[in-house]
Structure formats: structure tokens, C-alpha cells
Amino acid sequence: MSTHEGDLHVGHQFEDAEQQLDSYSAGMWLFLVTEVLFFGGLFLAYIIYRTRYTEAFVAAHHELDWQLGGLNTVILITSSLTMALGVRAAVLNRMKAVLGWLGLTFLCAGGFMVVKYIEYSAKFEHNLFPGPNFEFHHAGIDPGQAQMFFNLYFAMTGLHGAHVLIGMITMIILVIRLWVMRKQRIDFIPIELTGLYWHFVDLVWIFLFPLFYLVGGN
Amino acid sequence: MSFEPAKPKVYLLTFAALLVLTVITVLAAKLTLPKIPMGILILDLNIVLAMAIACVKASLVVLYFMHFKDMGQVSKVWAVAGVFFLLVMFFMTLGDYENRPSEETVGWTESGPLHDARP
Amino acid sequence: MSAAGVATKQPEAVNYLNVDNSIKSWLLTEDHKRIGILYLVTISLMFLVGGIFAMLIRLELLTPAGDVVMSDTYNKMFTMHGVIMIFFFLIPSIPAVLGNFCLPIMIGARDVAFPRLNLASWYVFTLGATLGVTALVLGGVDTGWTFYTPYSSSFSHTPVIIAVSGAFVAGFASIFTGLNFIVTIHKMRAPGMTWFRLPLFVWAQYATSLIMILGTPVIAITLLLVAVERGLRIGVFDPALGGDPVLFQHLFWFYSHPAVYIMILPGMGVMSELIATFSRKRIFGYEFVAYSSLAIAVLSFVVWGHHMFVSGQSMYLSMVFSVLTTLVAIPSAVKIFNWAVTMHKGHVKLDSPMLYALSFIGLFTIGGLTGLFLSAMAVDIHLHDTYFVVAHFHYVMVGGAIVAFLGALHYWWPKMTGRMYPEPWAKLSALIVFIGFNLTFFPQFILGYLGMPRRYHSYPDEWQTLNVLSSAGASILASGFILVAVYLLWSLRYGAKAPANPWDATGLEWKTPSPPPPTNFTQRPIITEEAYNYPIVLSKNGEPGEAVKQEEAEKHEHA
Amino acid sequence: MRLPFANIPIWPEGASKAAFEMDLLYLVIVGLTVFFCIIVFGLVIYFVAKYYAGSKADRSNPTFHNMPLELAWSLIPLALGLFVFGWAAKLFVEMQAPIHSENALNIYVVGKQWMWQMQHPTGQRENNELHIPVGRPVKLTLISQDVIHSFYVPAFRTKTDVVPGRYRTLWFEPTKVGKYHLFCAEFCGTKHAEMIGWVHVLSPEDYEKWMQDNRWGMGDEGVTVAQAGQALYEQLQCSSCHAPEQRIGPPLTGLYGSTRTLSDGRRVVADYDYLRQAILDPQAVTVSGHEPIMPPYRGQLTEQEVIQLIEFIKTLSAPQAPPVAEAEQSDDLGGNG
Ligand code: HEA
Ligand code: HEA
Ligand code: CUA
Ligand SMILES: [Cu+2]
């Protein structure tokens, strides 16, 4: 795509557009590496408590609705697809397509948050939010251990949800930026980077879904 | 790293594969696989299977959606390093939980740790 | 001073300092050099605050009874001392100040890869430091810098959440810096700047950044969990909530052990620069020194359990950690020996930066070797959480990292400010710091083996003499630091104008004027030689030959 | 030990079996440190003096690489380091391992903000003081009621973190009569520095005397820990389920030290930690073949009371032996002893 890069804006610190693109994508990957380790701490906690409190985790996961979780998985995968297509359109400098794909991705993200909201409010209603009001009755299951499941559930999906929100905000900013600079060639780097970020958010969910909704082996 | 965007077909195929795999994980969770007790911990084969599928899905996302192969050397090496250190953290910490001394920390002079009653 | 007088008559060349003087231009700057200076101001303030707490600690410990302050106050003092010194001073010290200032110049770049992220890093850091100071103003935190659960998450009555958020936020600053450096080193090198032509300082920064990127996120999530557990009683660490407090220790040290190498590796990088410059010789075993930095960074991630030998961690795991700790000491040994041997057949000059460098070698060797005691599991049973540990880490952090920081500050001060400081005073300060330091912390080794636990504000009478020695040393040490601050500040106004290359050193930063122009170089440098290309003398059959540049000499050697 | 010319202590008293070897190992590492310091400082001083700028030393043909040298100063420290590791690891294992002896004492220690509570098996209780006889191995079983503490006796060269939720053990054998410092070494809050006390190592006669004098001194009218546990057991009506004739809960006779199969398939040894959990959170360790109906006692019992119950359950495992310390060792070690 070097023909297109010629007329991109190049930061003062860079020699050329190629160096700029290389640097930004390397930077984004490094950032994602930090994200991996950021979530990693929580995954570690999950592994430990899951292996310790297996029965409680199995019992507690029945409180989650795997169908809603599955729906959200499909939504996020779809949004990943639309995002990938959006990035492609940006590289090919097709303004309308970019706006369309980004819009779809945003809608998916919104849908994801709505489903999350439904799920969360159901948990609050059933006093499944950890804390003094936590209630969990299941023969043979220590409620304290079930609470650990919900601790991790809220911590991990909450953190993931925060990432979805950040992604949505970024998309809004992207669209505004595109609109402001609509006369120019599309600067696809920010879109590409947002795309990488968004796929990462999808990727985290790919792990969260089976860990919480499909503990399995009743 | 000026990359050539992939054909939409590649993305659509990836998408389809991801959907199929999602269905597979859901189905796999219906099976009841054995849980292998390991000392005070339990290794649950269900979760092993689920994680294996998730890893395949994650690789698809990384390889095709994030077009990993077009990435520069730096990104590649660092992505691998990140996963590597994550695993280091997991396994070394788990090494503690698998072998915690219980009430009696029996020395090596004895016939192995008492608290571990593996057959 | 006359030089300064003359200079004012000529129109001064545009440099990064005088290009624009408005406050706004400083606060919105994207120039890595200015950001370095901003960082220097912030961390110096934090060092001052941390140092004041240190002096209060030593004042309290002058007498066996806990008579100067209440126990609660004392607990807050050492906590704030540790938190400030580590999270808000030492971790950003060399990387964010001197790394920021020098690294792009050293590799021949106009700036770091992401200047705006760099500025954001300073703001984020300042926000973190402000939170830290807020916690202090609200009465201070009393958990120890290690924030062990369940004390921190369920029992302490102090603003732990604020302090923890401060460290959390400052962590992002460190991630930004690390990310920036890695991309910069990979992508922004000038043409001809191959990896093995890089100054060793750059290698060290790369290794440091590796730890910053891979380690910091883990402490971030850990501290977040502590805050959540404390705030919402949603917990994974408190046994009362079904958690495991030792898990916190694993997560904490997974970062905080590597973090001690965040503190020392840049110092080691500085050492390589100083020894090379003031011996006028290339570092002996350049590749070994370069790779040892990476080895330290990678191995640092697999030794964290040596802080947990008595915590109830699995005995077998302890052994693994102990033997790996022995391994990670080796690259440090390699560096020490290579530096020492670098002086062989060199032209050693004892300017003040070199004095600091030599005291680094001495103090770090002692500090590092006392790490060997602690990594020996059985001995650590006795020494853990005693003053032996306190002495160990002050030897490596103050005697190592801070002495290196001061050496670096003296070395690059002319470049950064365009002024020379008064050399005799600088030499004196190096001496005072060395003497004061040893007097403060050597007695603590003895106290530690005697069994004096750390974080105690009162102690048995028989240990008073050693504690008095230590407190006396601390006042000497403090006067050394204050002396440095005084003459450096003085030099800003009255110091002689610095030439471009006051030390007659090689390296790109000395080829550009002092202070450097806003874009570092007037034109993009093309690199044709290695970083330490000093002239050396070749001889044949005992006849002294000509002085030639080192690289050419090597070509002869291989031919 | 003190410096001869000044009143400065430089060496702590050693009063346990492990102390001697630890001191020896310490001195060896001190020796290594001095050795390397001499080498490093010596090299630095020598080179600075000889190659000081302007000196007449021969500087021709300097070298910048030397593989054998690099290997030497990597491998020699490595070998020495590994030697230190090996020795330290051996000593470490020895210090953790139970001391086999017929007459080991088992004393329970509960740490809480900010005091140490000791319970002797024979019923004596004391706070912040520990009286033990010389020459007899001691096993401490420690647990914390709140935050992490650390039980540290410098003269014995030993310490261990005392963690909530889990029993820890500490073995040592005092070898010298005397009065030694006891410290809390893990920061635990306001009065961490005051969570200190004394360990009194007494001659066997003095120890007997102390035992007698304190039989009714503190604690519950001279009942042993196991007896206190029995009282508690009755008071809480555990037997309403666990008495063999009730057939609701499993009988507790012979339980301690046996291997249990849990309902989720795990096989675990019924040790202190297991018993503690079985009482406080029974649902976490439901025994296979039983309904999980036992009520959890978390929050209703102090750590001391849990210890008493466990000690009582232990006596049920060895019905023929009297519930005193002398019987500890044999059943502790199960088949290994
Ligand atoms: C800059 C910071 C820094 C550095 C560089 C180090 C370096 C090392 N540290 Fe240290 N350490 C700390 C900061 C640091 N440490 C801090 C802050 C704590 C306490 C935290 C707390 O609890 O609050 C601590 C605590 C600490 C402990 C835990 C003690 C305890 O709490 O019980 C241990 C145990 O193994 C340890 C070991 C080591 C080792 C083996 C090295 C090695 O890397 C040293 C390597 C260097 C040398 C060995 C010297 C040079 C070599 C030679 C001259 C050749 C000869 C060598 C051999 C024979 C091996 N350190
Ligand atoms: C970088 C890290 C660092 C530094 C520099 C220091 C510096 C000092 N420290 Fe500290 N210390 C720690 C890190 C550090 N410390 C940590 C992590 C702990 C553990 C805390 C815990 O247990 O949780 C600790 C604990 C600790 C204790 C143990 C407390 C206890 O356990 O009860 C003691 C006791 O003597 C002590 C003393 C000192 C002294 C006398 C100095 C002196 O060197 C300080 C002298 C400095 C000054 C007086 C400041 C002068 C500065 C200026 C004038 C500004 C000038 C600016 C420039 C030169 C640019 N420190
Ligand atoms: Cu208990 Cu410190
Ligand atoms: Cu460490």
C-alpha cells in the first residue's frame, strides 16, 4: 500500500510513513502484551480457586445463563468481523464503508453491553453480587466458595466490560476524526490500532465464556 | 510493514470457524468428562477441553483478524514473550499450591510428603 | 563564571531550553529532553519527602524506647518512606529522567517514537505521586510498602485505597515509558546504528523496559484487587472471604522482584558509560555485558519466591526459587568483573562521576553478595524480615541505584543544563555519601544477624549503640545528598558554560552542543563506528606504535 | 558475643540445635563475601593506581575480549553459589522436618493482634511467654486469628509466618537454658513492635516445677487441651450426630491421620488442616457417602477452641493412649514412625 502512504501525515520524529506505521503497530502489540498480563493475574486467581473449590464453581455457574453468554459470544465475534472489514476498508480508503463497518461494530458492542446489563441486574436481583447481601443456597455447597466464583465473575467480566466501553469510546472518537478529516485520505493507522485492540477484547471473552458459563460436568 | 489487507473471504471464513467452534464448546460442556484428583487439587478434563478450544479460537483471531503474520518481528517476538511469561507466572505459582506443606512437613528422609495421598 | 559573562554577549544558539520559555511550552512539551527535566523535578521532590521520612525513622531509632513518635506514626513513616522511594522515586529515576533525556540522542533519533505518550507518562506519574501525597496528607498509610493482605485489605484503618491507587496509576507511567523505549530502540535508530554499536546504557534500558512491560501490569491488577477487596469486600485474598493471602504475595513479588532490577539495571547501564568514559576504553566484554542485562531481565521473573521462604510456600518450590536466584546473581557478577577489568590499560581519571562509579562497584558488590545470604534458604529463615534485609536492599538501592543515579546526573548535567558544577564540591559529596552510607547501613547487617526485626519502632536496649551509629551515619549521608542538591542548583545560575564534550567522551550525545538543539542534531547522524571508539596504542615487538582508533585496531587484530 | 573494646554486641546467642550449623553456614558465606570483596576492590584499586591518567604504565595492545576469563568469572561464582545453595537447602529441609523423638512437645500457638497465646498440651496457657525444657524437641503448631504474623526466636535461628486459615509447624530443639527474645517478625499493625515476649528454656527440674505451679495458674482449671476439647464437643453437641449409634455423621474414632475419600473424588489425609476445615466449613470437604448436612462452625469458634476440638479428635484415634504429649509422636507419623 506504499502508494497510499505517501500522502499520510508523518510525525516529526519519524523519517517516513513506513517507520511510523511500524512503530505504531509494534507499540500497539506491546500494549496488548501488557493487557495479557493484566488479565493474567485474574486468570491465575481463577485457576487456583477453581481447582480448590471445584464443586462450588460447578454449582454456582448454573446461576449464569449460558444462552445469554453464548449470545454475547456471537455478538462479539460478529463485531470482530465487522471491525476487521472496517480496517480493510480504511486501508483501501473507502470512507463510506469504513463508517458503515465501524457503525456496525459499535452497535454490536452496544448490544453486548445491553446483554451484560440484563445479566448483571438479574444477579443483583437474586442477591448474587458478592458482599454482605450475598445469598446462595445449594445443598452441600459452601456459600463462601460460591461467592468466590461470583467474585471472579464480576471482577473479570467487569474488567472486560470496561474494556468494551473504552473500545466504544475510541470508536466514537475515530468516527469524529474521520468526519473532521473527511476531505483527506483516510489515516488508517488509528483504525488499525483500534481494530487490534478490539480483537483483543474479543479474544479475552473467548476465554471468559467457557470459564464462567460452561464450567461443565454436572 | 505496509500490509495488504486480506480478502473479505478470509475474514468470513474465520468468522464461520469461530461460530462453529463456539457451538462445539457449548456442546462439549454438556459432556461429563472425568475429574482427575491431584492431591488437594482437582484437574477437570472438561475445562482442559474448553481451554483447548478457546486457544484454537484465540489463534484464529490473532492469525487472521489481527493478521499476525504481517506484523513486524518486534510484535511477533513480544507477543510470544508475553504469553511465555504469563505461563511462567501460572505454573510457578501453581507449583506452590500443588505442594503446600500441610501440618507435617516431612523431610526427605521420610518416605515422601505425608499429606499427599495420591494412590 | 567569566565564561558565562562572555557568552551572554554573543547571541546564544537555539537549544531545547531557550527555544521557548513559557510555562505552557513546558507543560505541553513533547520534547523528550524537556520531559526528562520535568521528571527530574518531580522525582527530586519525592526523594526529598522520602528522605525526610528516613531521617525521622533514624531519629526515632536513636533510642530503644519508642519515644519520639507513636507506634502508629512510625508505621506510617516507614510505609510512606518505602512507597515514595520505590514507586515514586527510584523506579522512574534513571529511566524516566536520564533515559528519556539521553536515549533518543544516543541512538541518533530526533525523539522517542511516541512523544505524546511520553508526556502522558509524566502526567500520569504526577497524578500517581499526587495520590501518594494525598494518602500522606490524609494521615499516611501503615501497611509497609509491600501491602500484605489481609492486613492491607481488611484490617488497616488508613487510606490504603488512595495509596494503592497512587502506585497503580504510577505503574501506567512506567508502562508507557517502557513501551516507548522498546519501540524507540527497535525502530528509531539512526542509519548505521547496529545493535552492537549501541551504548550499553541503551541495552540496559531495553532490558529495563522489558521488565516494565511484562511485570507492571501484574502489580496493577494486584493492587486493584486489594482496593476492591478493601472497598467492596469482594475479595480473593482475605481468608475470611475464602481467599488465600499468600496468593497476594505471589502476585506482588511476581512484579516487585523484577522491579528491583528495574531499579538497578539502568544504574548498571550508567556504570558502563562512566567506566568507559573515564578509563578511555571500551567496556571489556561488551557483548557479555550487553547480554547479561537481558539475562538479568529474563531471569528476574523466575525468582520471586525468594521473598516467601517462610511464608508457608511449598518447600520444593522454595528450592526452585533459591537455585534460580543463585543463577540470576551470575550476570551481575559478570558485569562487576568486566567493569573492573575495563580499567586495565586504560587512562583512569577520577572526576566526580567516576568517583560515584567506583563507589557503586564497592557498594553494589557488598549489597549483591548479601543477597546471596538471603537466597540461601536456611539462612533466610533467620534473616527474613530483620535489619539484614533492610541493609541488603539499601546497599543495592541506595549504594547501587542512587549512587549510579548521582553519577549519571553529574555526568550528563553539563549536557542537560549547559552548565558545569563545581568539581571539588562534587568530589567531596561523593566522599561524604560513601562514608555516610556505610556508616548508616553496615551496622544494620550486624543488627540483622543479632535478630532485630524490621518495622519496629522500639527495640531491646542492648542494640542501641549500633542503632546510634546508624543514625549518625544517616545524618552524614543526608548532608551529602543535600550538598549535591545545593551545588547543582547553584550551578544552574552561576556554573561555567559547559562545552559540548567536557569529558572528552565518545558517544552521540557528546557530538551535539550542550544543551542540545530541540531536534537533538542539526542533521540526521549516520553512524559509522561503535559507541566506545577510543584511541589505543598498538605495539609490535615491544616498540610503541601509533595511537589508533579502537575499531581499526581490531581490524588489524583479525587480519 | 560483644566486641572486646566496646559494648557492642556482634553475635547473637545460639540456643538451638540448628543454630550451630546455621552460624557455620553464615560464616562460610561471610568468608565468600570477604573473598570476593577483596578480589573486586583489589582489582579496582590496583587498576586505578596503575593506570591513573598520565601514569607511565604500559598501555599497548589492550584486550577487549577474553573468553576463558569470562567463563571463569561466570562459572566459579556459579559453582560457589550452587554449593551454598546445596548446603542451605539441606539445612532448610532439616529445619522443617519433624525431629524424631519419643518425648517431643507439641505446643499450640495462636497469634492475634497483638499477642501470642500458647497452649501446652497439658493445659497450661500463657501469653507472650513460652516455657520449655532444655534438650527436648518442640513442635509448635501455629495459626493466626487475623492477619499474618511471624513467630521469631533469634536465639533458635528460626521463624515462621503465622498465617490465618492454615496451620503451620515449627520444629526446634533448645540446647541451652536461658531467657530469649520472641518477636513478631511480620508487620501486623499498630503494635507489631510490641507483639514480643520471651522464651524461657528451663532445666528439666525447673520445667517440672513450672508445670506444677502453673497447672491451675492460667486457663481452664488444669484440664488438658484434649479435655477442654471434649467439654466443648459435648457442649456443642457434636455427638448428636457423631456418636456411633447416631449414624448421621461419620464416627470420629480413628479419623486423625487416616486417608479420607471426599465426595468429589479427592483423597486427602485427615490432618490438622483437614479437621479444621471439616469443622469450620464442612461442605468444603464432604466425606464421600455422607449427606452434607453438618452445620458450618465458622465464626462461632475461636482458633483456640478449634485447636481443642482437634486435639480431642486426635485422642479418639489412639484410644489406648492417654491424651498427653508423650503420645504425640507415634500417631503423628502414622505408618512412618
Ligand atoms: C536494586 C534493588 C535490588 C537488587 C539489585 C537486589 C539483588 C539481589 N537480591 Fe535483593 N532485595 C531488594 C532489592 C534488590 N535486591 C529489596 C528491596 C528487598 C526487600 C523487599 C522487602 O521485603 O521489603 C530484597 C530482598 C531480597 C531477598 C528476600 C529477603 C527476605 O525478605 O527474606 C532475597 C533473597 O533471596 C534477595 C536476594 C537478592 C539477590 C541474590 C540479588 C542479586 O541480584 C545480587 C547479585 C550481585 C552479586 C552477587 C554481587 C556481584 C557478584 C560478585 C562479586 C561475584 C560473586 C558472586 C557469587 C559467589 C554468587 N533480596
Ligand atoms: C530508593 C529507595 C530508598 C532510599 C533512597 C532509602 C533511603 C534511606 N532509608 Fe530506606 N527504605 C526503603 C527504600 C529506600 N530507603 C524501603 C523500600 C524500605 C522498607 C519500607 C517498609 O518496610 O515497608 C526502607 C526502610 C528503611 C528503614 C527501616 C525501617 C523499619 O523497618 O522500621 C530504615 C531505617 O533505618 C531506612 C533508612 C533510610 C535512610 C537513612 C535513607 C537515606 O539514604 C535517606 C537520605 C536522603 C535524604 C535525607 C534526602 C535528601 C534529598 C534531597 C535534599 C533532595 C535532593 C535532590 C537531589 C539530589 C536530586 N529505610
Ligand atoms: Cu504480629 Cu507483627
Ligand atoms: Cu527479590
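In what follows, every chain begins at residue 1, and chains take the letters A, B, ... in the order their sequences are listed. Since this is a predicted model, take the numbers as computed values, not measurements.
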Chemist: For Ile213(C), is it the side chain, the backbone, both or neither that has a heavy atom under 4.5 Å from a heavy atom of chain B?
Modeler: side chain
Chemist: Has the side chain of Asp96(B) got a donor or acceptor atom that lies under 3.5 Å from a matching backbone atom of Gln313(C)?
Modeler: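 Checked: no pair found.
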Chemist: What class does the angle between the rings of Phe85(B) and Phe301(C) fall in, given that below 30° is parallel, 30 to 60° is tilted and above 60° is perpendicular?
Modeler: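 Phe85(B) vs Phe301(C) ring planes: tilted.
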Chemist: Are side-chain heavy atoms of Trp78(B) and His186(C) found at a separation under 4.5 Å?
Modeler: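 Result yes, sub-4.5 Å side-chain heavy-atom pair found.
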Chemist: I want to check something: taking the side chain as every heavy atom from C-beta on, are Phe254(C) and Met92(B) in contact at a cut-off of under 4.5 Å?
Modeler: no
Chemist: Which distance, rounded to the nearest 0.5 Å, do you find between the OH of Tyr255(C) and the CE of Met89(B)?
Modeler: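 The distance works out to 14.5 Å.
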Chemist: Tell me, side chain or backbone of Ile185(C) under 4.5 Å from chain B's heavy atoms, or both, or neither?
Modeler: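 Neither part.
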Chemist: Are more than 12 heavy atoms from other residues, nucleotides or ligands located less than 6.0 Å from atom CD of Glu287(C)?
Modeler: yes
Chemist: Is atom CZ of Phe196(C) surrounded by more than 12 heavy atoms (other residues, nucleotides or ligands) closer than 6.0 Å?
Modeler: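 Count over threshold, so yes.
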Chemist: Can you tell me which of Val320(C), Val183(C), Val298(C), Val218(C) forms the most heavy-atom pairs within a distance under 4.5 Å of chain B?
Modeler: Val298(C)
Chemist: Quick one: CG on Leu214(C) to CG on Leu86(B), what's the gap to the nearest 0.5 Å?
Modeler: 10.0 Å
Chemist: With a sphere of 6.0 Å drawn around CZ of Phe168(C), does it hold more than 12 non-hydrogen atoms of other residues, nucleotides or ligands?
Modeler: yes
Chemist: Are there more than 12 heavy atoms of other residues, nucleotides or ligands under 6.0 Å from atom CZ of Arg524(C)?
Modeler: yes
